Amino acid sequence: MDKILIVYYSRKGENYWNGSIRNLSKGNTEIVAEIIAEITGGELFEVETVRTYAADYYACIEEAKAELQAEARPALRGYPDCLDAYDTIFVGFPNWWCTMPMALFTFLEHFDLTGKRILPFCTNEGSGMGNSERDLKKICKGATVEHGPSIHGAEAANARGKVEGWLKTLI
């Protein structure tokens, strides 16, 4: 593979987990991003918002819904200086209301992604990729957006085999 960046947004703390709420010390998407980095040697970049979402899971998803409805672009704490060195960019996220968290829209729209290969991966508790791949194709103009895996969040820690299988199809 080429020079790789793994960009991800992940939620620590209260998360929906197999039908109940569980407090996670590390978000599911972060776990999968780390697996990808370990296998590919890619560099990790965690997308972080300036404003912290509510600690309560249900309050957080209402905030996420309001951002989606408003087509908000939340301010981010930072960005890589440049993406020119990267040919392949993995984009990881939890499924929030059938797409990516709006923070990833902010991040991706910040850069010219022409000529980049975008490889999405999504963690969720049963909702799959939703509209995220379609949304990525809209905002990543000039990039090649490929199909990515949907990983059950409660199984993220045991997803290495699934991730390896997916990565083998990319080479």
Side-chain angles (χ1 to χ4, degrees), residues 1-48 57 64 76 78-80 82-108 111 113-140 142-171:
M1 285 193 157
D2 304 315
K3 182 125 170 123
I4 295 170
L5 179 65
I6 302 121
V7 173
Y8 69 94
Y9 178 86
S10 193
R11 177 172 166 83
K12 300 166 186 73
E14 282 192 8
N15 274 271
Y16 190 74
W17 179 281
N18 277 339
S20 64
I21 301 300
R22 180 179 279 184
N23 194 17
L24 305 179
S25 60
K26 184 181 283 193
N28 298 320
T29 306
E30 182 176 8
I31 291 168
V32 177
E34 289 174 347
I35 292 169
I36 294 169
E38 184 180 312
I39 295 169
T40 65
E43 296 176 39
L44 289 166
F45 184 85
E46 182 177 10
V47 173
E48 299 176 278
Y57 173 76
L76 304 182
Y79 297 88
C82 181
L83 298 185
D84 291 348
Y86 303 101
D87 302 302
T88 300
I89 302 171
F90 288 84
V91 178
F93 48 89
N95 182 327
W96 281 10
W97 298 103
C98 293
T99 192
M100 305 173 289
M102 299 312 287
L104 280 173
F105 286 75
T106 303
F107 179 90
L108 294 166
F111 294 101
L113 300 170
T114 302
K116 305 293 183 193
R117 184 180 188 199
I118 307 296
L119 302 170
F121 62 98
C122 173
T123 59
N124 60 84
E125 285 299 307
S127 51
M129 295 292 281
N131 298 322
S132 58
E133 290 172 320
R134 182 195 70 199
D135 292 340
L136 280 164
K137 288 176 183 177
K138 284 182 187 176
I139 63 174
C140 297
T144 301
V145 178
E146 298 186 23
H147 178 68
S150 165
I151 298 169
H152 185 235
E155 297 170 2
N158 298 314
R160 187 176 183 89
K162 183 173 186 170
V163 171
E164 284 176 341
W166 172 52
L167 293 175
K168 285 179 184 175
T169 68
L170 302 176
I171 298 172

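Computed from a predicted model, the values in this text were never measured in an experiment.
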Taking the side chain as every heavy atom from C-beta outward, state whether [X] and [Y] have any pair of such atoms under 4.5 Å apart.
X     : Y      : value
Pro94 : Pro101 : yes
Phe93 : Pro120 : yes
Arg22 : Asn15  : no
Thr40 : Ile6   : yes
Trp96 : Arg11  : yes

Mind jotting down which residue pairs meet the salt bridge (charged side-chain N to carboxylate O under 4.0 Å, His left out) criterion with at least one end in residues 84-94? Sequence neighbours excluded, please.
-> none
Do NZ/NE/NH1/NH2 and the carboxylate oxygens of Lys12 and Glu46 come within less than 4.0 Å?
-> yes
Between Phe107 and Tyr9, does the ring centre distance come in under 6.0 Å?
-> no
For residues 15-43, pull every pair meeting ring-ring contact (aromatic ring centres under 6.0 Å, His included), keeping only residues two or more places apart or in separate chains.
-> none
Can you name the nearest heavy-atom pair linking [X] to [Y], along with the distance?
X      : Y      : result
Leu113 : Leu108 : CD1-O, 3.8 Å
Lys116 : Leu83  : NZ-O, 2.8 Å
Ala33  : Leu44  : O-CD2, 3.5 Å

Kindly write out the residues that satisfy side-chain hydrogen bond (donor to acceptor under 3.5 Å, both in side chains) with Glu48, not counting sequence neighbours, or none if the list is empty.
-> none
Which residues satisfy the salt bridge (charged side-chain N to carboxylate O under 4.0 Å, His left out) test with Glu43, sequence neighbours excluded?
-> Lys3
Any sub-3.5 Å donor-acceptor pair from Asn131's side-chain atoms to Thr99's backbone N or O?
-> no
In residues 162-171, what donor-acceptor pairs under 3.5 Å come from side-chain atoms, sequence neighbours left out?
unit_1	atom_1	unit_2	atom_2	d
Lys162	NZ	Ser150	O	2.6
Glu164	OE2	Arg160	NE	3.1
Thr169	OG1	Trp166	O	2.5

Listed pairs under 3.5 Å, donor-acceptor, residues 24-32 side chains, sequence neighbours left out:
unit_1	atom_1	unit_2	atom_2	d
Lys26	NZ	Glu34	OE1	2.8
Lys26	NZ	Glu34	OE2	3.2
Thr29	OG1	Thr123	OG1	2.6

